[in-house]
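Structure record follows, encoded as structure tokens.
All values derive from a computational prediction rather than experimental measurement. Order of the sequence lines sets the chain letters (A, B, ...), proteins ahead of strands, with each chain counted from 1.
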Amino acid sequence: MLEIKFLRENPEAVKASLRKRNWDEEALQVVDEAIALDAERRQLQTELDALLAESNRAAKEIGKLYREGRREEAEQLKQRVATSKAKSKELEEALERAKAGLEDKLLAIPNILHASVPEGKGEADNEVFQAWEGPLPDLGGDALPHWDLGTKYGILDFGLGAKITGSGFPVFRGKGARLERALISFFLDEAARAGYEEIIPPLLVNKATARGTGQLPDKEGQMYYVERDDLYLIPTAEVPVTNIYRDVIIDKPDFSIKMTGYTPCFRREAGAHGAEVRGLNRVHQFDKVEIVRIEHPDRSYDALEEMLDHVRGLLEKLELPYRILRLCGGDTGFTSALTYDFEVYAGAQRRWLEVSSVSNFETFQSNRLQLRFRDEKGKRHLAHTLNGSALALARIVAALLENNQTPDGIRIPAALVPYTGFDRIS
RNA sequence: GGAGGAGUGGCAGAGUCUGGUUUAUUGCACCGGUCUUGAAAACCGGCGUACCCGAGAGGGUACCGGGGGUUCGAAUCCCUCCUCCUCCGCCA
């Protein structure tokens, strides 16, 4: 959520950013509507405060009169104050309405895009920020996609998942399960080496937490919801991990907070079926190691660079062909100012699969989270939040299986062998 | 799940029974100052968050776990929810 103060002072900058997100002129009205509601809210606040100040004075006076035994005068004053009570109730309700209305408008406005975000309508317009220079794996015509490899070697079973739960809940078994666990450990160890504190958070979160990182209200439909307990299954570790710092004021200005967490992620993703979503390409439950950072606004873009380097390092150690996209205005997420996507090449499908999304949210999340820090003078400012996948497991497994298939089985990259305990799935 | 107890500022902890000079006592921590070669101690002063008004100085409002209510007035009384502690039950 943008700060109302920023909106008030920079309406044109906000509108320019919305245009870059391909909003039409009519939709831009929300900016002026928010500013109008804010003016109304401030007006009402001023009136209410004045009225309450008067009531407070009267209440004190009444107390004083009683103590002095001047009951008659006290009763008279009570009569007079009673009328202003109705008025203040009215004002209070009007103020609540204005605040709620303003909040609705603010929640509808996405983050301001970073200057480097390219123009564009959608996926096709994303900028290739770093292309893959090397050769793409040439597997020949009879290479198997990972879902067939999974069956062939008995390591992935989608039918079994469908039986136990439903479509989109794969079962890993044997060396497949072991490979999954090896990747999780590998990613966590790499993150630890890079200075990230490991977190094991709850997998179900309450409404306040889901709101904090922006899943509510904009992505409510994507989360599994446990009605009986009013809790949501997390769609990513970003949600519980970032919320560790909800309502926190960091005391020193030279902070840099780096956290990592492995969690299963649950996404309803009600969408298309077909080749694009076959196998592990898109599932309702997948494992992911996330990295989260909380940074001073002056340093957040340096941190973003570091995160890109970190993810690059992982993919190189896994020997996977990858490229980095800088998302265009039309494809950048609601809460993000700048997002880089990492894609790996899955040789049998001959497709690039998104395996990581690394974003700087600037103050968009921290405003909702009330996540602040004190500067050298003790003044409070919103911190910047960032996060990235490092990495999303399911599609990494898909690419590893496909690219490394040989007549003698599936080769495990050297960096992973210490974790799997085997160098081949056959 | 059942019974009981408790949630007050960064921390500790009073105030709640009996509503009103309580603009929440006190201590610790923290910041500034005096003293000191320096530090400690002592002493003096400061010390929350959000919003509104104001060029500023400053002023106002709200906040004692969350929400609602009673009242001219609520940390204090009532309702409700949450969390924690103790005991019981269930349980990996």
Exercise for review: Taking all heavy atoms of A:Asn360 and all of A:Leu304, pick out the closest pair and write down the distance.
Suggested key: N-CD1, 4.0 Å
Point to revise | For B:C87, the Watson-Crick or wobble counterpart (both distances under 3.5 Å) | key: B:G2
Check your understanding: Can you tell me if A:Ser357 and A:Asp341 form a side-chain donor-acceptor pair at under 3.5 Å?
Key -> yes
Practice item. Return yes if some donor-acceptor pair links the side-chain N/O of A:Thr260 with the main-chain N/O of A:Glu290 below 3.5 Å, else return no. Key: yes
Check your understanding: Got a sec: does the CD1 of A:Ile200 have more than 12 other heavy atoms crowding it under 6.0 Å?
Key -> no
**Study point:** Pairing partner of B:A92 (Watson-Crick or G-U wobble, both distances under 3.5 Å)
**Key:** none
**Study point:** Audit row: A:Glu343, A:Val355, side chain to side chain contact (heavy atoms under 4.5 Å, CB included) steps and yes/no
**Key:** CA-CA 6 Å; A:Glu343 296 184 332; A:Val355 294; over 6 Å; no
Exercise for review: Walk me through it: do A:Glu75 and A:Tyr66 pass the test side-chain hydrogen bond (donor to acceptor under 3.5 Å, both in side chains)?
Suggested key: CA-CA 9 Å; A:Glu75 291 300 332; A:Tyr66 272 123; 2.8 Å; yes
**Study point:** Interatomic distance where CZ belongs to A:Arg71 and P belongs to B:C72 [whole Å]
**Key:** 13 Å
Point to revise | Watson-Crick/G-U partner (both atom distances under 3.5 Å) of B:A14 | key: none
Review point. For B:U71, what is the paired nucleotide under Watson-Crick or G-U wobble rules, both distances under 3.5 Å?
Key: none
Review point. Taking A:Arg411 as the fixed residue, which of A:Val417, A:Asn404, A:Asn403 is the one that meets the side-chain contact (heavy atoms from CB on, under 4.5 Å) rule?
Key: A:Asn404
Could I get a table of every N or O pair under 3.5 Å where one atom is in the protein and the other is in nucleotides 63-70 of chain B?
from, atom 1, to, atom 2, distance (Å)
B:G69, OP1, A:Lys89, NZ, 3.2

Practice item. Could you state the atom-to-atom distance from CG of A:Leu65 to C1' of B:C72 in whole Å? Key: 11 Å
Point to revise | Under 3.5 Å side-chain donor-acceptor pair for A:Asp148 and A:Thr151 | key: no
Exercise for review: Scan residues 31-51 of chain A for pairs that pass salt bridge (Lys or Arg N to Asp or Glu O under 4.0 Å), counting only residues two or more places apart or in two chains.
Suggested key: A:Arg8-A:Asp38, A:Lys15-A:Asp32, A:Glu33-A:Lys105, A:Asp38-A:Arg41, A:Asp38-A:Arg42
Review point. Now, which nucleotide makes the Watson-Crick or G-U wobble pair with B:A57, with each of the two distances under 3.5 Å?
Key: none
Study note, to complete from the structure: Partner of B:U22 under the Watson-Crick or G-U wobble criteria, both distances under 3.5 Å, comes out as none
Review point. So what does A:Asn56 touch, heavy atoms closer than 4.0 Å: a base, only the sugar-phosphate, or nothing?
Key: sugar-phosphate
**Study point:** Distance in Å, A:Glu362 CD paired with A:His114 NE2, rounded so as to fall on 0.5 Å steps
**Key:** 6.5 Å
Review point. Any chance the side chains of A:Gln365 and A:Tyr245 put a donor and an acceptor closer than 3.5 Å?
Key: no
Check your understanding: B:C72 P sits how many Å from A:Glu75 CD, rounded?
Key -> 9 Å
Review point. About how many Å separate NE2 of A:His384 and CZ of A:Arg299, when rounded to the nearest 0.5 Å?
Key: 11.0 Å
Review point. According to the Watson-Crick and G-U wobble definitions, with both distances under 3.5 Å, which nucleotide is paired to B:U76?
Key: none
Check your understanding: Got a sec? Which of residues 206-214 of chain A come in under 4.0 Å of RNA chain B, heavy atoms?
Key -> none
Practice item. Any strand is fair game: report the nucleotide pairing with B:U49 by Watson-Crick or G-U wobble, both distances under 3.5 Å, or none. Key: B:A62
Exercise for review: Could you verify whether a donor N or O on one side chain and an acceptor N or O on the other, from A:Tyr340 and A:Glu305, lie under 3.5 Å apart?
Suggested key: no
Report each atom pair, protein N/O against N/O of nucleotides 44-54 of chain B, whose distance is under 3.5 angstrom.
from, atom 1, to, atom 2, distance (Å)
B:U49, OP1, A:Arg374, NH1, 3.1
B:U49, OP1, A:Arg374, NH2, 3.4
B:U49, OP1, A:Arg380, NH1, 2.7
B:U49, O3', A:Arg372, NH1, 3.2
B:A50, OP1, A:Arg372, NH1, 2.3
B:A50, OP1, A:Arg380, NE, 3.1
B:A50, OP2, A:Arg380, NE, 3.1
B:A50, OP2, A:Arg380, NH2, 2.8
B:C51, O3', A:Arg41, NH2, 2.4
B:C51, O2', A:Gln45, OE1, 3.1
B:C52, OP1, A:Arg41, NH1, 3.4
B:C52, OP1, A:Arg41, NH2, 2.7
B:C52, O2', A:Thr46, OG1, 2.4

Review point. Taking 4.0 angstrom as the limit, do A:Glu92 and A:Lys89 come out as a salt bridge?
Key: no
Point to revise | Separation of atom CG in A:Leu95 from atom P in B:A62, rounded to whole Å | key: 13 Å
Below 3.5 Å between N/O atoms, which protein atoms pair up with nucleotides 20-22 of chain B? Just atom names and distances, please.
from, atom 1, to, atom 2, distance (Å)
B:G20, O2', A:Arg67, NH1, 2.7
B:G20, N2, A:Ala59, O, 2.7

Point to revise | Rounded distance (Å) that lies between atom P of B:C31 and atom CG of A:Asp251 | key: 11 Å
Check your understanding: Rounded to whole angstroms, how far apart are CD1 on A:Ile250 and P on B:G10?
Key -> 16 Å
Exercise for review: Please list, chain by chain and in numerical order, all residues satisfying salt bridge (Lys or Arg N to Asp or Glu O under 4.0 Å) with A:Arg71, sequence neighbours excluded.
Suggested key: none
